[in-house]
Amino acid sequence: MRGVHALPPRRPLRRLFAAVGDTTLGGLRGAATFAALAATVVLAGLRRSTWRPLVRLELRRVLHGVTVRALGTTIVASVLLGFALVTQAAYWLAATGQTGLIGTIIVLVLVREIAPILVGLIVLGRSGTATLIELGEARPKGWLRLMEMQGLDPVACLIMPRALGFAIGAFCLATILITSTLLAGYLVAHAIGLVAYSLWDFAGVVLQAMGPRDFVLPPLKCLAIGFFVGLVCCAIGLARREEGDDLQRVVPRGFVRSAIAILLVNGLFDLAL
């Protein structure tokens, strides 16, 4: 009778719980490893002994690739953004008789939200994918092992210059993007008669709409976005251990995770703002 009334073991349910637990623990381990890598990079950057001539040269190379090579893309994007954002804001605010809010709208939409995210995507698309491909060949080709045999620290020579270079480059590109967007938007709006005041008055309206936090948190957001984009691309690229791991899968994986990092950093800073 006991055998008749005994319930069969719920093995599918156990497997489901085991799969969920393994996925959760794997995610937590990955987050802890990534946090440890970020802390290691920051501490390495603070040590004076880390900044050897080779590391400084690599940082300059990364900065050139992130900023100079992406300058044309940033300016084109800022012109289009100026026409789409500033001109449209001036038009609709004039139509509703609320032209005094144009500075507030620009600060809320452009400075706090669009500029950091757009710059993060530009840095990711222009330099992040190149880093994924470059570092994705480090282990399979053997030159990462060769660096370790020569006594060179991969964190100091490979990861730190890229993470810091991406951070500084993102800040520079964000400054150029915001300035070019405001200039292009003002010129278009002034040409079609949407604004009648001078360029300096327009800049004064935008500056008056910015509070103290707008001079601190958006720049920090751009620095953090660039830093984590570089860090994620380095971590994903160096995680490729053998030729069997197709590079065509590594690049999309790094792109998606970097995009998620951009949105997470942006969301965390929005909570502070």
Side-chain angles (χ1 to χ4, degrees), residues 63-129 165-226 229 259 262-263 265-267 269-270 272-273:
L63 275 175
H64 182 272
V66 173
T67 55
V68 177
R69 293 182 181 178
L71 189 59
T73 304
T74 304
I75 292 177
V76 171
S78 65
V79 171
L80 297 176
L81 185 60
F83 177 77
L85 175 63
V86 180
T87 304
Q88 292 297 316
Y91 174 79
W92 290 108
L93 289 175
T96 57
Q98 301 290 330
T99 55
L101 296 176
I102 187 171
T104 304
I105 297 298
I106 290 175
V107 171
L108 291 176
V109 179
L110 175 63
V111 176
R112 294 186 182 181
E113 299 297 333
I114 294 181
I117 294 178
L118 184 57
V119 164
L121 294 176
I122 291 175
V123 170
L124 173 59
R126 293 284 301 182
S127 301
T129 52
F166 276 43
I168 299 171
F171 171 76
C172 295
L173 290 178
T175 304
I176 295 172
L177 177 72
I178 293 174
T179 305
S180 302
T181 299
L182 293 176
L183 179 61
Y186 170 81
L187 292 177
V188 174
H190 185 74
I192 60 180
L194 293 178
V195 293
Y197 36 83
S198 66
L199 177 61
W200 303 112
D201 293 335
F202 176 72
V205 169
V206 176
L207 290 175
Q208 289 177 1
M210 296 178 65
R213 291 184 299 177
D214 295 318
F215 291 95
V216 177
L217 292 181
L220 291 179
K221 180 192 290 189
C222 295
L223 289 170
I225 285 177
V229 167
I262 292 172
L263 297 178
V265 173
N266 183 74
F269 273 89
D270 284 345
L273 283 171

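Basis for what follows: all heavy atoms, side chains included, without hydrogens, waters or symmetry-related copies. Positions are given from 1, in the same order as the sequence printed here.
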Shortest non-hydrogen separation from [X] to [Y] and the atoms involved:
X	Y	result
Val229	Phe166	CG1-CD2, 4.0 Å
Gly169	Val66	CA-CG1, 3.7 Å
Ala115	Ile178	CB-CG1, 3.7 Å
Ala77	Ile122	CB-CD1, 4.5 Å
Thr87	Gly185	OG1-O, 3.8 Å
Glu113	Pro116	O-CD, 3.4 Å

Distance from [X] atom [atom1] to [Y] atom [atom2], nearest 0.5 Å?
X	Y	atom1	atom2	answer
Ile225	Leu124	CD1	CG	11.0 Å
Cys222	Ile117	SG	CD1	10.0 Å
Ile75	Leu173	CD1	CG	10.0 Å
Leu85	Ile105	CG	CD1	9.0 Å
Asp214	Leu108	CG	CG	8.0 Å
Leu177	Ile114	CG	CD1	9.0 Å

Heavy-atom side-chain proximity of Leu118 to Thr74 below 4.5 angstrom |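 Sidechains of Thr74 and Leu118: no contact.
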Side chain to side chain, Leu110 and Val206, heavy atoms closer than 4.5 Å =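 No. Closest side-chain heavy atoms not under 4.5 Å.
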Does atom OH of Tyr186 have more than 12 heavy-atom neighbours, drawn from other residues, nucleotides or ligands, at distances under 6.0 Å?
->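 Enclosed: over 12 neighbouring heavy atoms sit under 6.0 Å from OH of Tyr186.
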Is the backbone of Arg69 close enough, under 3.5 Å, to the side chain of Arg126 for a donor and an acceptor to pair up by distance?
->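 Here the side-chain-to-backbone pair exists.
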Measure from the side-chain N and O atoms of Lys221 to the backbone N and O of Arg112, and report whether any donor-acceptor pair falls under 3.5 Å.
->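 Side chain of Lys221 to backbone of Arg112, a donor-acceptor pair under 3.5 Å: yes, one is there.
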Any chance you could lay out the side-chain contact (heavy atoms from CB on, under 4.5 Å) test for Val86 and Val188, step after step, and finish with the verdict?
-> CA-CA 9 Å; Val86 180; Val188 174; over 6 Å; no
